[in-house]
**Student:** 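The structure that follows is given in the form of structure tokens.
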Number of protein chains: 2
Amino acid sequence: MQAPPPDDYLPHLAYDSVVFGFSGEQLKILIMEYHQTKWFALPGGFVGRDENLNDAVRRGLSERTGLDDVYLEQFYTFGDADRFRPAVMDAILKANDLVVPPDHWLLDRFISVAYYALIDYNTVVPRPDALSDSINWYALDELPPLLFDHEKIVRRALQTLRENLGKKLVGMNLLPPLFTMKELQRVYEAILGEKLSRSSFQRKMLASGLLERREKRLLGGAHKAPYQYRFRRESEEIG
Amino acid sequence: MQAPPPDDYLPHLAYDSVVFGFSGEQLKILIMEYHQTKWFALPGGFVGRDENLNDAVRRGLSERTGLDDVYLEQFYTFGDADRFRPAVMDAILKANDLVVPPDHWLLDRFISVAYYALIDYNTVVPRPDALSDSINWYALDELPPLLFDHEKIVRRALQTLRENLGKKLVGMNLLPPLFTMKELQRVYEAILGEKLSRSSFQRKMLASGLLERREKRLLGGAHKAPYQYRFRRESEEIG
DNA sequence: CGCTATTGTCGCACTTTGAGACAATAATAA
DNA sequence: TTATTATTGTCTCAAAGTGCGACAATAGCG
């Protein structure tokens, strides 16, 4: 989908996305930096006047990561009246040679609908948008100071992800199509922030019926070669 | 808090609330009916330009139920572009002798942030607002046809409530301050839509540490008199 | 005063979970 | 080629949790 023309957005409404990736060791999220400003924030955007909210978020995600079919979940809408800094927004716009009238909604308060996404860290080439210098991965415990209430948004995203991890088994969305049980367990441990029992984890994962076992991997790793697994999409679940 | 003056709301933004109550037998929700129109909808409202989103919802809830300290939880934001009916909104406004210009945001699309509330059915005296004839309790399986996507909102509210029931033990918010174990179990069964094992339920509730047992009730009921319980607020939990 | 339905609790079987033990095995070193 | 070593897949066992029924206690009723 195409982005709407510049001023054809719903006023006072934005979305922010917490994009999770797993580096192999750590859980990370995408953070963007505005031009010239040293200000860091979550990637977000606006909703076109005729655009579904969910579509707007997918559009922004696709623009920044190149990925189209992504696990995405809305988790909270932040609506406090004081969650904006007109001076900050003004500076960001000025740094990009954008001028808006002083009573424009861009300089007023925002409601922001927050989403989190789970993506395969390795297939992403982060692309900055028009307003930002860079967009990069940051480990959760090494985040730069974020604008507005974005740190609160990140905390809540992680909290929701942890809760959903138990009831939806979404961890495999952070991995490449083929992965080992150990890699999957590392993902879970990174999300939950605690060690898990190896045998129990394996048992539960296999019992879930969501994994399909492939042949052995031979390559590389010393010691016994592990199986590889594939995430079985819901359409092909076993009854 | 006072309601803002008529035209001082954030455009294109609304909230809807699914207010749950428990009649003793059934789970019910509050539904309002617009003046003259036979149209039913969830109680909702708008957000003042300088008002926190959560405060706006509490304000609306307080106006309609008279209750101030209510269990309230945001669960989803509905943002599809087609979730509005300009003709319907126009008719509602006309039936109340309200005139807005044809390009007013009230006749355009809405983003709606949805909340559910759990309240003590018996302490509520539903009060219609300026736009509605009536506001009444309806059992979940006897709802009238609702406007817009409000039926979808109700379904999702119930789904979220069921999920949260397990992890937060919120059922007691639907009961008066003192209640018996059987009443509490009835609440859970009404929410989940299934029978629960009596002894397991009792065991788990007592183990949660959220209930404080009082003396026997003597009054009324034939057969052995049950204990009464009180919901222990978080501040007084046992460690 | 006995009958009956309901309550609080216990016991039992079954399932789930955590922790360790075991053999199998693939790369490395001898 | 063979021994070593770390890792994997599976198993066993104990601990904890859960569903289900049994039991005595008890309050109202006839």
Side-chain angles (χ1 to χ4, degrees), chain A residues 24-25 162-169 171-172 175-176 178-232 238, chain B residues 24-25 162-163 165-169 171-172 175-176 178-232 238-239:
Chain A
E25 289 295 330
R162 283 177 177 169
E163 290 168 2
N164 289 349
L165 195 59
K167 67 179 184 226
K168 295 189 192 174
L169 299 177
M172 45 285 275
L175 291 171
L178 282 176
F179 49 87
T180 67
M181 194 58 80
K182 165 151 246 158
E183 289 168 334
L184 185 57
Q185 184 171 345
R186 283 240 177 81
V187 168
Y188 273 70
E189 290 174 338
I191 293 175
L192 296 174
E194 60 182 352
K195 288 285 172 196
L196 299 176
S197 152
R198 189 172 65 93
S199 55
S200 305
F201 181 80
Q202 179 132 344
R203 195 167 29 188
K204 193 189 299 189
M205 283 301 142
L206 293 180
S208 78
L210 288 175
L211 298 185
E212 188 182 302
R213 177 180 286 182
R214 289 294 175 83
E215 281 315 298
K216 300 249 185 189
R217 61 146 42 148
L218 314 170
L219 219 104
H223 320 305
K224 178 171 178 179
Y227 287 113
Q228 287 189 292
Y229 296 88
R230 193 175 71 87
F231 177 33
R232 178 181 283 129
I238 289 179
Chain B
E25 289 296 331
R162 283 177 177 169
E163 290 168 1
L165 196 59
K167 66 180 186 225
K168 295 189 188 173
L169 300 177
M172 45 285 275
L175 291 171
L178 282 176
F179 49 87
T180 68
M181 195 58 80
K182 166 151 244 157
E183 290 169 335
L184 185 58
Q185 185 173 344
R186 282 238 178 81
V187 169
Y188 273 70
E189 292 174 338
I191 293 176
L192 296 174
E194 59 182 353
K195 289 285 172 196
L196 298 175
S197 151
R198 190 172 63 93
S199 53
S200 305
F201 182 81
Q202 179 131 343
R203 194 169 28 187
K204 194 189 298 190
M205 282 301 142
L206 294 179
S208 78
L210 288 174
L211 297 184
E212 188 182 301
R213 176 179 287 181
R214 287 294 175 83
E215 281 317 295
K216 300 249 185 188
R217 60 146 44 146
L218 313 171
L219 219 103
H223 322 303
K224 178 171 178 178
Y227 287 113
Q228 291 191 113
Y229 297 87
R230 193 175 71 87
F231 177 32
R232 178 182 283 132
I238 288 179

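We name chains A, B, ... by the order of the sequence lines, and we start the count at 1 in each one.
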**Student:** Both A/Leu196 and B/Arg198 contact DNA chain C. Which one's nearest nucleotide lies toward the 5' end?
**Tutor:**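 Going by which nucleotide is closer to the 5' end, it is B/Arg198.
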
**Student:** Starting at atom CE of B/Met205, determine the distance to atom P of C/dT9, rounded to an integer number of angstrom.
**Tutor:** 15 Å

**Student:** If you count the non-hydrogen atoms of other residues, nucleotides and ligands that lie under 6.0 Å from CD in A/Glu215, is the total more than 12?
**Tutor:** no

**Student:** Mind checking whether A/Asn164 and A/Lys167 have side chains closer than 4.5 Å, heavy atoms only?
**Tutor:**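 In short, these two side chains touch, coming nearer than 4.5 Å.
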
**Student:** Between A/Arg186 (CZ) and D/dT8 (C1'), how many Å, whole number?
**Tutor:** 13 Å

**Student:** Less than 3.5 Å between a donor and an acceptor, one on the side chain of B/Ser197 and one on the base of D/dG19, is that the case here?
**Tutor:** no

**Student:** Please give, in whole Å, the distance from D/dT18 P to B/Lys195 NZ?
**Tutor:** 21 Å

**Student:** In whole Å, I'd like the distance from the CG atom of B/Leu206 to the P atom of C/dC10.
**Tutor:**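 For the pair B/Leu206 CG and C/dC10 P, the rounded distance is 11 Å.
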
**Student:** Mind calculating the distance between CD (A/Glu215) and P (C/dA26) to the nearest angstrom?
**Tutor:** 12 Å

**Student:** Once hydrogens and angles are ignored, does a donor-acceptor distance under 3.5 Å link the base of C/dG8 to the side chain of B/Arg213?
**Tutor:**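 No such pair is found, so the answer is no.
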
**Student:** Output the rounded distance in Å from OH (A/Tyr227) to C1' (D/dT10).
**Tutor:** 10 Å

**Student:** Is there, by distance only and without an angle test, a donor paired with an acceptor across the side chain of B/Ser199 and the base of C/dG8 below 3.5 Å?
**Tutor:**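 Side chain to base: no pair below 3.5 Å.
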
**Student:** Test B/Tyr188 against B/Met205 for side chain to side chain contact (heavy atoms under 4.5 Å, CB included), laying out the working first.
**Tutor:** CA-CA 11 Å; B/Tyr188 273 70; B/Met205 282 301 142; 3.4 Å; yes

**Student:** Closest-nucleotide mapping onto DNA chain C: is B/His223 or B/Pro226 further toward the 5' terminus? I mean the 5' end.
**Tutor:**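 In this pair, the answer is B/His223.
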
**Student:** For A/Phe201 and D/dT10, give me the distance from atom CZ to atom C1', rounded to whole Å.
**Tutor:** 16 Å

**Student:** Which is it for B/Tyr229 and B/Met181 under the side chain to side chain contact (heavy atoms under 4.5 Å, CB included) test, yes or no, and what are the steps along the way?
**Tutor:** CA-CA 7 Å; B/Tyr229 297 87; B/Met181 195 58 80; 3.7 Å; yes

**Student:** Suppose we call a contact any N or O donor and acceptor under 3.5 Å apart; does that hold for the side chain of B/Arg203 and the base of D/dG19?
**Tutor:**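 Between D/dG19 and B/Arg203, which were checked side chain against base, a qualifying N/O pair under 3.5 Å is present.
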
**Student:** OP1 or OP2 of D/dG17 less than 4.0 angstrom from a side-chain nitrogen or oxygen of B/Lys204, does that happen here?
**Tutor:** no

**Student:** Going by heavy atoms in the side chains, are B/Phe231 and B/Leu175 under 4.5 Å from each other?
**Tutor:**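 No, too far: nothing below the 4.5 Å cut-off.
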
**Student:** Figure out the NZ/C1' separation between B/Lys224 and C/dA5, and round it to whole Å.
**Tutor:** 12 Å

**Student:** What nucleotide, of D/dG9, D/dT8, D/dT10, holds the atom closest to the side chain of A/Met181?
**Tutor:** D/dG9

